[in-house]
Amino acid sequence: MNIEDAEDPLPASYNSASMNSAQIEESVSESISAAVRRVLHYKTLQLQVAIDLRNQVGHDLDTYSTHLALLVQQQQQQSSSSLPMDDQVDEARKKVSKIAESYTRHLADEDRLREEVEALQQKLNNPF
């Protein structure tokens, strides 16, 4: 469902003086449900983007962790530690650390969005 395709928040019949309280309640309920569906759609899209970003950052983390492990292995195989290798290892460790922090933030964003989507789904199933 596209946000543009959702019905108007308050139908034109809402302003009718001939509506009884049950009709008004139903109209309000439909309007609330429509608004919740629009927000749910938007949050679901945000969640999918968050999952995709987390997956990409996770892939980057795996790649750089493997690179770091290879650098450490090369460093250990050398009889005398060379300064350039130490610098490469330090830079790789910093990169892995930054990516790990980013991954943690993406996980938190994903968890928050997942909770928001679940709350909206519950609201849609039980508007009052």
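Note that the numbering runs from 1 along the sequence shown for the chain.
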Would you say the side chain of [Y] lies within less than 4.5 Å of the side chain of [X], judging by non-hydrogen atoms?
X	Y	result
Leu71	Gln74	yes
Arg54	Ile51	yes
Arg114	Glu110	yes
Leu124	Leu120	no

- Are Val96 and Leu70 joined in one hydrophobic group, where the rule is that I, L, V, M, F, W and Y side chains link up if heavy atoms are under 4.5 Å apart?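 Cluster IDs for Val96 and Leu70 differ.
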- Message: If hydrophobic clusters are built from ILVMFWY residues whose side chains come within less than 4.5 Å, do Leu53 and Ile99 share one?
- Response: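 Unlinked, Leu53 and Ile99 end up in two clusters.
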Verify, without hydrogens or angle tests, whether [X] (side chain) and [Y] (backbone) share a donor-acceptor contact under 3.5 angstrom.
X	Y	value
Glu115	Arg112	no
Asn126	Gln122	no
Ser33	Ser29	yes

Can you tell me how far apart [atom1] ([X]) and [atom2] ([Y]) are? Round to the nearest 0.5 Å.
X	Y	atom1	atom2	answer
Leu40	Lys43	CG	NZ	10.5 Å
Asp90	Lys95	CG	NZ	15.5 Å
Leu45	His41	CG	NE2	4.0 Å
Ile32	Glu30	CD1	CD	11.0 Å
Asn20	Glu26	CG	CD	9.5 Å

- Message: Could you report the tightest heavy-atom contact between Ala100 and Leu61, atom names first, then the distance?
- Response: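 Minimum heavy-atom separation between Ala100 and Leu61: N-CD1, 3.9 Å.
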- Taking all heavy atoms of Thr44 and all of Val117, pick out the closest pair and write down the distance.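 Scanning both residues completely, I find the closest heavy atoms to be N-CG2, 3.9 Å.
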- Mind jotting down which residue pairs meet the side-chain hydrogen bond (donor to acceptor under 3.5 Å, both in side chains) criterion with at least one end in residues 59-72? Sequence neighbours excluded, please.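 Applying side-chain hydrogen bond (donor to acceptor under 3.5 Å, both in side chains) to every pair that reaches into residues 59-72, excluding sequence neighbours, yields Gln56-Asp60.
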- Query: Do Asp52 and Gln48 have a side chain donor and acceptor closer than 3.5 Å?
  - Reply: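 Indeed, the side chains of Asp52 and Gln48 share at least one donor-acceptor pair under 3.5 Å.
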